[in-house]
Amino acid sequence: MADEKKLTPRGDDFSAWYNEVVQRAELADYSPVRGSMVIRPWGYGIWENMQRALDQMFKDTGHENAYFPLLIPMSFIEREKDHVEGFAPELAVVTQAGGKQLEEPLVIRPTSETIIYHMYAKWVQSYRDLPILMNQWANVMRWELRTRLFLRTAEFLWQEGHTAHATPEEAEEETLSILGIYRTFMDEWIGMPPVTGLKSESEKFAGAVRSYACEALMQDNKALQAGTSHFLGQNFSKQFDLKFQSVEGQEEYAWNTSWGVSTRLVGGMVMTHGDDDGLVVPPRLAPVQVVIVPILRGDDTQAAVLAKVDEVAGRLKELGVRVKVDARDHLSPGAKYYEWERKGVPYRMEIGPKDLEKGSVALARRVIPEGAKRKEFVEENEAVAGMPARLEAFQTELRDRALARREANTVRGVNSLGELAEALDGGAGFVYTGWNGDPAVEEQVKEATKATSRVIPGPEFRSDPAPATCVSGNGKAEVEVVWARAY
RNA sequence: CGGGACGUGGCGCAGCCCGGUAGCGCACCUGAAUGGGGUUCAGGGGGUCGCCGGUUCGAAUCCGGCCGUCCCGACCA
């Protein structure tokens with residue numbers, strides 16, 4: 001890496017900091033195609049760990065994986081009115097194949113509701129065929145005008161769940177259950193505790209009846225929509241003829257949900273935990289949780305040190321710890337320390353000749369606790385046996401730190417547009433106010449502050465007492481709403 | 001898609017105003033010594049200067065067009 005020893009300090013220019021961290025941690029790189037990125041092994045490893053955890057959570061709640069095709073007939077997209085209006089501007093379209101003009105253009109999926117509900121319609125006849133609880137891991141493409149690595153790229157990886165139910169109550173329950181899974185996942189795995197709730201009409205998914213979302217607060221106090229779960233009602237089932245015969249023998253349209261999280265979560269992780277030294281990867285997501293750096297002298301201690309390092313690595317692996325030994329000979333130990341710190345590896349262990357004599361190892365955590373030394377020397381067996389607990393403790397600490405930051409940057413009890421603007425200009429993240437429900441107020445707020453409504457908070461997040469008046473000063477509050485400047 | 005800036009070995013930049021055939025730092029390769037926070041010395045490889053066209057004896061440099069990147073808006077997981 002060039003001559004820069006320090007990253008652009010966060011705060012001066014968070015965007016520049018973000019780009020630098022993502023590239024210097026070797027998470028991703030730009031591809032030759034405008035707006036799309038190459039996810040490098042380190043970034044993909046993090047995504048894989050996210051996938052694995054989420055996939056298990058979906059399976060534990062009765063979902064199954066399936067795969068639907070990349071190309072969708074244009075006419076499918078056009079069938080649901082709001083859906084086509086929402087996605088038309090960002091569709092990539094295939095008009096030619098096999099050297100011929102296609103009779104009907106095919107779109108590269110921006111999301112798969114249409115093709116999936118088309119297929120569900122063929123599979124469902126009776127209420128006995130319901131519910132269908134499916135998920136797919138796939139890539140989708142939205143021709144975004146302004147892109148950023150992980151946060152908004154033309155092509156991105158995600159999971160999209162699509163379910164069909166016999167009753168609206170059951171579909172609604174599914175929607176909320178998934179929202180809960182997302183929240184738990186973001187909290188416990190990414191250490192990125194979100195605020196969850198309902199999206200306003202203007203912010204909801206194109207084609208949904210109701211959208212729920214997880215909104216996380218980044219270190220620059222901008223909100224990131226990190227996951228969404230939609231109650232689609234019968235909007236799609238009616239357009240795709242997804243019908244079933246009820247217990248009573250009636251023909252009825254099914255009730256659908258769809259929900260997704262994407263590689264954007266990797267970007268969220270970066271912006272939640274990264275610091276001036278680079279990336280910080282929470283232990284549960286880290287492809288490498290402990291890197292061992294042997295201290296190699298040009299003398300006869302080398303073989304013994306390397307043997308010890310391998311032995312310790314083997315014992316850590318037996319405990320389920322993901323370990324990497326960095327025995328590269330052409331780099332000094334210091335150079336390796338900086339490299340692994342940049343990539344966010346949670347723990348580093350150094351083993352050298354002195355440790356062999358003393359039966360100890362040196363341990364350094366990626367984020368050094370307040371007032372602690374940069375390295376601690378720990379008895380070897382304790383260091384090995386205690387590693388899983390150390391990793392869990394670090395995981396929890398990162399999460400607690402993020403939660404504390406979110407709360408410290410949340411402002412409640414705001415009663416006017418002036419106060420809202422003041423709070424946001426003063427560096428606030430989430431601002432809670434009352435709202436009369438009128439979309440015109442969202443316009444007003446955006447005009448005045450650049451902030452948008454993020455969610456109408458769920459019960460866990462509401463203020464007590466609830467706000468009485470709308471932030472516009474115009475009428476009483478129908479609901480409470482969370483405002484923020486957003487990605 | 002509108003406004004602004006920029007495009008020169010892998011990365012960061014100088015050279016451009018005033019045209020003469022490309023340079024610096026880091027990274028990379030070889031060797032030796034070094035090795036507990038970015039090691040040192042010596043030697044070495046790598047660039048049709050974003051692309052296309054124009055002006056000129058001659059273009060990284062001047063002119064036109066296109067493409068791309070970044071920042072600010074509008075749009076979005």
Side-chain angles (χ1 to χ4, degrees), chain A residues 1-6 8 13-16 18-20 23-24 26 29-35 85-91 110-111 139-160 182 199 202-206 211 213-216 223-230 258-268 277 293-299 301-302 305 327-342 348-358 360-364 368 373-375 377 446-447 450 452 486-487:
Chain A
M1 273 301 136
D3 51 349
E4 325 101 286
K5 303 245 158 135
K6 271 289 177 187
T8 310
D13 186 347
F14 195 72
S15 292
Y18 176 82
N19 287 333
E20 207 168 336
Q23 291 186 60
R24 290 186 55 192
E26 296 177 8
D29 207 347
Y30 286 102
S31 88
V33 178
R34 182 189 175 285
E85 279 176 14
F87 284 105
E90 51 193 59
L91 292 178
T111 177
N139 56 342
V140 289
M141 177 161 272
R142 300 178 187 179
W143 209 253
E144 300 291 350
L145 298 172
R146 191 172 167 195
T147 60
R148 300 191 64 190
L149 293 172
F150 289 110
L151 299 178
R152 187 174 299 103
T153 46
E155 180 183 358
F156 57 94
L157 303 181
W158 75 348
Q159 59 69 215
E160 48 178 326
Y182 285 161
K199 282 286 183 185
S202 62
E203 293 280 331
K204 78 178 186 188
F205 173 72
S211 289
C214 296
E215 294 280 336
L224 182 74
Q225 181 173 310
T228 48
S229 183
H230 313 289
S258 72
W259 27 276
V261 295
S262 72
T263 38
R264 171 179 269 194
L265 290 175
V266 177
D277 296 318
V293 178
I295 307 301
L296 301 173
R297 302 247 172 83
D299 55 23
T301 60
Q302 269 210 17
V305 168
R328 287 176 296 176
D329 196 32
H330 65 293
L331 292 177
S332 69
K336 293 177 188 176
Y337 303 164
Y338 282 103
E339 181 177 326
W340 291 111
E341 276 166 15
R342 216 159 46 221
R348 181 182 72 245
M349 185 182 282
E350 301 165 23
I351 299 180
K354 289 182 211 161
D355 298 298
L356 262 56
E357 285 169 26
K358 293 185 292 188
S360 67
V361 302
L363 282 184
I368 296 145
K373 289 188 176 157
R374 191 150 66 162
K375 279 180 206 179
F377 291 89
K446 188 164 190 183
E447 187 69 28
K450 291 184 183 171
T452 49
Y487 276 95

Query - Which residues share a ring pair (Phe, Tyr, Trp, His ring centres under 6.0 Å) with A:Tyr337, sequence neighbours left out - result: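 Scan of A:Tyr337 (ring pair (Phe, Tyr, Trp, His ring centres under 6.0 Å), adjacent residues dropped) gives none.
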
Base, sugar-phosphate alone, or nothing: which one does [X] contact when heavy atoms must sit under 4.0 Å apart?
X: A:Asn19; value: sugar-phosphate
X: A:Gly260; value: nothing
X: A:Lys354; value: base
X: A:Ser15; value: sugar-phosphate
X: A:Arg348; value: base

I need the [atom1]-[atom2] distance between [X] and [N], as an integer number of Å.
X: A:Ile351; N: B:G35; atom1: CD1; atom2: C1'; value: 16 Å
X: A:Leu331; N: B:U34; atom1: CG; atom2: C1'; value: 13 Å
X: A:Glu20; N: B:U69; atom1: CD; atom2: C1'; value: 16 Å
X: A:Arg328; N: B:U39; atom1: CZ; atom2: P; value: 12 Å
X: A:Arg342; N: B:A27; atom1: CZ; atom2: C1'; value: 11 Å
X: A:Glu339; N: B:A27; atom1: CD; atom2: P; value: 13 Å
X: A:Asp355; N: B:G35; atom1: CG; atom2: P; value: 16 Å
X: A:Tyr338; N: B:G38; atom1: OH; atom2: P; value: 6 Å

Counterpart residues, side chain to side chain contact (heavy atoms under 4.5 Å, CB included), relative to [X] (two or more places apart):
X: A:Ser15; result: A:Asp13, A:Arg148
X: A:Glu85; result: A:Lys81, A:Asp82
X: A:Arg328; result: A:Asp326, A:His330, A:Leu331, A:Lys336, A:Glu339, A:Trp340
X: A:Thr228; result: A:Ala213, A:Gln225, A:His230

Requested in this report: Evaluate side chain to side chain contact (heavy atoms under 4.5 Å, CB included) for A:Arg297 paired with A:Val305, printing each intermediate quantity in order.
Outcome: CA-CA 9 Å; A:Arg297 302 247 172 83; A:Val305 168; over 6 Å; no

Gap in Å between the two [atom1] atoms, one belonging to [N] and one to [M], rounded:
N: B:G19; M: B:C57; atom1: P; result: 15 Å
N: B:C17; M: B:A59; atom1: C1'; result: 15 Å
N: B:C49; M: B:A60; atom1: P; result: 6 Å
N: B:G12; M: B:U8; atom1: C1'; result: 12 Å
N: B:C16; M: B:A74; atom1: P; result: 39 Å
N: B:G38; M: B:C11; atom1: C1'; result: 16 Å
N: B:G9; M: B:G44; atom1: C1'; result: 15 Å
N: B:A42; M: B:C52; atom1: P; result: 41 Å

Using both distances under 3.5 Å as the test, list the Watson-Crick or G-U wobble partner of [N], or none.
N: B:G7; answer: B:C67
N: B:U48; answer: none
N: B:C18; answer: none
N: B:U61; answer: none
N: B:A27; answer: none
N: B:G38; answer: none
N: B:C1; answer: B:G73

For nucleotides 4-8 of chain B, which of its nitrogen or oxygen atoms have a protein nitrogen or oxygen under 3.5 Å away, and what is each distance?
none

Query raised in the report: Does A:Glu350 have any salt bridge (Lys or Arg N to Asp or Glu O under 4.0 Å) partners at least two apart in sequence or in another chain, and if so, which?
Result: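 A:Glu350 satisfies salt bridge (Lys or Arg N to Asp or Glu O under 4.0 Å) with A:Arg348, A:Lys375 only.
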
Query raised in the report: Quick one: salt bridge (Lys or Arg N to Asp or Glu O under 4.0 Å) partners of A:Glu144, sequence neighbours excluded?
Result: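 Listed in chain order: nothing, the list is empty.
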
Requested in this report: Would you please test A:Ile295 and A:Thr301 for side chain to side chain contact (heavy atoms under 4.5 Å, CB included) and show each step?
Outcome: CA-CA 10 Å; A:Ile295 307 301; A:Thr301 60; over 6 Å; no

Query raised in the report: Taking the side chain from A:Gln159 and the backbone from A:Val261, do they hold a donor-acceptor pair closer than 3.5 Å?
Result: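 Judged by distance alone, yes, a pair lies under 3.5 Å.
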
Query raised in the report: For A:Lys358, does the NZ atom sit with more than 12 other heavy atoms under 6.0 Å from it, leaving out its own atoms?
Result: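 Enclosed: over 12 neighbouring heavy atoms sit under 6.0 Å from NZ of A:Lys358.
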
Report task. By nearest nucleotide on RNA chain B, pick out whichever of A:Ala335 and A:Ile295 is the more 5' one. Result ->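 On the 5' side of the pair lies A:Ile295.
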
Report task. Tell whether A:Arg297 reaches the base of B:G36 with its side chain through a donor-acceptor pair below 3.5 angstrom. Result ->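 Yes, a donor-acceptor pair under 3.5 Å.
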
**Report entry** Side-chain donor/acceptor contact of A:Glu341 with base of B:G38 under 3.5 Å
**Finding:**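 Result: no qualifying N/O pair found.
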
Requested in this report: Using a cut-off of strictly less than 4.0 Å, decide whether A:Lys336 has a side-chain nitrogen or oxygen near OP1 or OP2 of B:G35.
Outcome: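 Looking at the OP1 and OP2 atoms of B:G35, neither is under 4.0 Å from any side-chain N or O of A:Lys336.
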
Query raised in the report: Between A:Trp158 and A:Arg264, does a side chain to side chain contact (heavy atoms under 4.5 Å, CB included) hold up when you go through it step by step?
Result: CA-CA 9 Å; A:Trp158 75 348; A:Arg264 171 179 269 194; over 6 Å; no

All N/O contacts under 3.5 Å from nucleotides 75-77 of chain B to the protein, with atom names and distances to one decimal?
residue	atom	partner	partner atom	Å
B:C75	OP2	A:Lys446	NZ	3.0
B:C76	O2'	A:Glu144	OE2	2.9
B:C76	O2	A:Arg152	NE	2.1
B:C76	O2	A:Arg152	NH2	2.8
B:C76	N3	A:Arg152	NE	3.2
B:C76	N3	A:Arg152	NH2	2.3
B:A77	O3'	A:Gln225	NE2	2.7
B:A77	O3'	A:Arg264	NH1	3.2
B:A77	O2'	A:Gln225	O	3.1
B:A77	O2'	A:Arg264	NH1	3.1
B:A77	N6	A:Thr153	N	3.0
B:A77	N6	A:Thr153	O	2.6
B:A77	N3	A:Ser262	OG	3.0

